[in-house]
There are 2 protein chains.
Amino acid sequence: MPELPFTLDQLRILKAIAAQGSFKKAADLLYVTQPAVSLQIQNLEKQLEITIFDRGGRKALLTEAGRLLLEYCERILNQCDEACKAIEDLNSLKGGTLVIGASQTTGTYLMPRMIGLFRQKYPEVSVQLQVHSTRRTGWSVANGQIDLAIIGGQLPSDLENLLQVIPYATDELALVLPTKHQLSNKKELLKEDLYKLNFVTLDSQSTTRKVVDKLLQDSGLDIQRLKIEMELNSLEAIKNAVQSGLGASFLPVVSIERELAAGTIHKAFVADLEVKRELKLITNPSRYTSRASEVFKKNILPQFASLESPLRHV
Amino acid sequence: MPELPFTLDQLRILKAIAAQGSFKKAADLLYVTQPAVSLQIQNLEKQLEITIFDRGGRKALLTEAGRLLLEYCERILNQCDEACKAIEDLNSLKGGTLVIGASQTTGTYLMPRMIGLFRQKYPEVSVQLQVHSTRRTGWSVANGQIDLAIIGGQLPSDLENLLQVIPYATDELALVLPTKHQLSNKKELLKEDLYKLNFVTLDSQSTTRKVVDKLLQDSGLDIQRLKIEMELNSLEAIKNAVQSGLGASFLPVVSIERELAAGTIHKAFVADLEVKRELKLITNPSRYTSRASEVFKKNILPQFASLESPLRHV
DNA sequence: AGTCTCCATAAATTTTAATTATTCAAATAA
DNA sequence: TTATTTGAATAATTAAAATTTATGGAGACT
């Protein structure tokens, strides 16, 4: 590592003198005294072993070496200015990247709207959405690859302690039936009715599937008795299956808003059964929080949060 | 003039940490203590209002803002290195420009050889030769447009005081005749013989012409009685005229070396007549002397100087 | 738990840069 | 010419900044 034979301040002074043609005027321009300017130039000349200015005549004129140095000087100072501007933009959210993690469900149905709102407010910040499993998303937040994430499942306990987990909204997992299913007419189903249904579910590795299983079990159902027609790994596929009359399913309400409105799918109510899960915001408190991430958390998320969410009161 | 929010040293430290992934290692690399590094980065972060490093984990990792800054950092430091190299080259004569002034004669017949020698030793220094009148050359040296010059005539007296004038060589102005001229056979001419000749001369504005006239006059000749066949403004033209038998002329010996060797022109000796002029080196003592100029004066010129020249003993 | 490594912090020191006051030199004006 | 002005160099002092030594704390590895 070579030592630097000059400082940015010296270059700034050099430029000022060259522009003004005078040490004194340069000093005035830079709000310092004339000796300060003289000494810095002397230092510079000593360090580089060159003469920079001809002080003979009325004006301070550049020597050949001075002109050479000035050329670089301008380039260097321009780069510095540019760097400052870029940093400022980043600070004022006119640049930069926000990396958001999400599970399949939120990533597909919720995040696009949120990101849309964010981009509307801060169009210069590019947003990257990474859809992964809850586990992988958790690790990505832990090691900083993701700024913040929304998850619907349970984090491994080691990660749970490492990360900041804030409940942010409640996501209902609604029982949906084909519209033409005979049970679709009943106003309210009984838990027993569930055993009569054929289910189309997510595959058993999925966090959402695990959550549903656990909630059903907790409410006293014997999930072994539930008939599973097929396991698919995509909510869209399941939705299509349900619409085609292949069976019933517990699906996040956010994922079926359109279908409910269109009446192509039926949402059933089951007495004494609420299948709800917490959507949680996770961030890494031990890592740097980018401005974009901060703003997203403070301004965007609350608009999508349920009323009882802590984020409402931030 | 905006204040600079960072210093080159800070950028250097930033780069080192980014490369080493550790504050401590960067400190070792830069031969400073670890707190020095920490504090500088803290200053930098405070100034720019950004976080640059995530200090959480095993390694110091760049944040987004840090990566952005690092990019500019590298560019800036590269420019700095380049500037240093350019200055070094200039100092060690591996670059730069040397501007030399000369009169018609020396510029045509002498300087090319000198410049050739110089370029052989310092091929990276580009040399510019400006051939002008003595007067104009003098002014150019005075205002720094020319680093050094060789002149054969007399400077205006105001310039003479301003500039440093060092006699450097003696230039003989030889009487040359066509080889077939009848007087070419005589071993030695008399001054009287000159009146029998037809002369081909430089035009009367030329410094060399003035010098010749004055020297002839000083040696007792009546220059009005000399017959001038024609006046030309180029030595080459005069040489051709002489070789074609159109007349005689006083020409600098340096300009006719080739013709004398080839025997296409005859150099006559005149009893009691020496037409010699001093070639003088002029420089501007009140101006910066470039390294190239210094070297040219010290190392190149003496090799072409007559024995009695002061330059011989520098 | 214990040790090690790495970074942050505090206080003291050193180094560097700036200021005031003055001198010097050249240019302008009387 | 001499006086006056202007711009730059120099010296001494003061102010500011960076560096060091010494120390504390937090996470990683054994």
Side-chain angles (χ1 to χ4, degrees), chain A residues 3-14 16-47 51-63 66 142-144 158-159 161-163 284-288, chain B residues 3-14 16-47 51-63 66 142-144 158 161-162 284-288:
Chain A
E3 297 258 320
L4 288 173
F6 49 76
T7 69
L8 284 179
D9 276 320
Q10 287 171 340
L11 296 188
R12 221 157 60 97
I13 292 172
L14 163 62
I17 299 175
Q20 302 290 317
S22 147
F23 281 44
K24 179 150 183 36
K25 281 180 192 155
D28 293 344
L29 190 70
L30 299 170
Y31 303 109
V32 291
T33 55
Q34 168 264 315
V37 168
S38 286
L39 289 175
Q40 283 303 335
I41 294 297
Q42 281 172 33
N43 289 342
L44 191 53
E45 291 183 324
K46 213 176 293 171
Q47 290 276 325
T51 306
I52 297 173
F53 288 104
D54 257 331
R55 284 102 155 156
R58 197 92 199 82
K59 291 181 69 177
L61 288 173
L62 284 166
T63 62
N143 64 27
D158 48 348
L159 281 178
N161 301 322
L162 202 59
L163 304 179
N284 188 337
S286 67
R287 284 204 171 267
Y288 160 70
Chain B
E3 297 258 319
L4 288 173
F6 49 75
T7 69
L8 284 179
D9 275 320
Q10 288 170 339
L11 296 188
R12 221 158 59 98
I13 292 172
L14 164 62
I17 299 176
Q20 304 287 317
S22 149
F23 282 44
K24 179 147 187 21
K25 281 180 192 155
D28 293 343
L29 190 70
L30 298 170
Y31 303 109
V32 290
T33 56
Q34 168 264 315
V37 168
S38 285
L39 290 176
Q40 283 303 334
I41 294 297
Q42 281 171 33
N43 289 343
L44 190 53
E45 290 182 322
K46 213 175 294 171
Q47 290 277 327
T51 305
I52 297 173
F53 288 104
D54 259 331
R55 284 97 155 160
R58 197 92 199 81
K59 291 181 70 177
L61 288 172
L62 284 165
T63 62
N143 64 27
D158 47 348
N161 299 323
L162 202 59
N284 188 337
S286 67
R287 283 204 173 266
Y288 161 68

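We name chains A, B, ... by the order of the sequence lines, and we start the count at 1 in each one. Since we're looking at a predicted model, the values are computed, not measured. Any value given below was found using the heavy atoms of this structure, including those in side chains, with hydrogens, waters and symmetry copies removed.
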Starting at atom CD1 of A/Ile41, determine the distance to atom P of D/dT10, rounded to an integer number of angstrom.
14 Å
Check whether any side-chain nitrogen or oxygen of A/Arg55 sits under 4.0 Å from OP1 or OP2 of D/dG7, and answer yes or no.
no
Nearest-angstrom distance from the residue atom CG of B/Leu8 to C1' of D/dA18
15 Å
Non-hydrogen side-chain atoms of B/Gln10 and B/Asn43 separated by less than 4.5 Å:
yes
Across all chains, not counting sequence neighbours, the ring pair (Phe, Tyr, Trp, His ring centres under 6.0 Å) partners of A/Tyr288 are none
When you compare the protein's N or O atoms with those of nucleotides 19-21 of chain D, which come within less than 3.5 Å of each other, and at what distance?
residue, atom, partner, partner atom, Å
D/dT19, OP2, B/Gln40, NE2, 3.2
D/dT20, OP2, B/Thr33, N, 2.8
D/dT20, OP2, B/Thr33, OG1, 2.7

With sequence neighbours excluded, tell me which residues meet side-chain hydrogen bond (donor to acceptor under 3.5 Å, both in side chains) with A/Ser38.
A/Gln34
C/dA8 C1' sits how many Å from B/Lys46 NZ, rounded?
12 Å
Determine which pairs satisfy salt bridge (Lys or Arg N to Asp or Glu O under 4.0 Å) with at least one residue from residues 31-41 of chain A, sequence neighbours left out, and list them in order.
none
Could you say whether A/Thr7 or B/Lys25 is positioned toward the 5' end of DNA chain C, judged by the nucleotide with the nearest heavy atom to each?
B/Lys25
Charged N-O contact under 4.0 Å between A/Asp9 and A/Arg12:
yes
Taking only the side-chain heavy atoms of A/Ser22 (C-beta and beyond), determine which of C/dC7, D/dG7, D/dA18 contains the nearest atom.
D/dG7
Nearest whole angstrom, please: distance from the C1' of C/dA8 to the CD of B/Glu45.
12 Å
Without decimals, in angstroms, what is the distance between B/Gln47 CD and D/dA17 C1'?
12 Å
Salt bridge (Lys or Arg N to Asp or Glu O under 4.0 Å) pairs touching residues 34-44 of chain A, sequence neighbours excluded, are none
Expressed as a whole number of angstroms, how long is the span from A/Asn161:CG to D/dA26:P?
17 Å
For A/Leu61 and D/dG7, what is the distance between atoms CG and C1' respectively, to the nearest whole Å?
14 Å
Give a yes/no answer on whether the side chain of B/Asn43 brings an N or O atom under 4.0 Å of OP1 or OP2 in D/dA17.
no
Does A/Gln20 have any side-chain hydrogen bond (donor to acceptor under 3.5 Å, both in side chains) partners at least two apart in sequence or in another chain, and if so, which?
none
Think B/Ser38 has a side-chain N or O under 4.0 angstrom from the OP1 or OP2 of C/dT9?
no
Between A/Asp28 (CG) and D/dG7 (C1'), how many Å, whole number?
11 Å
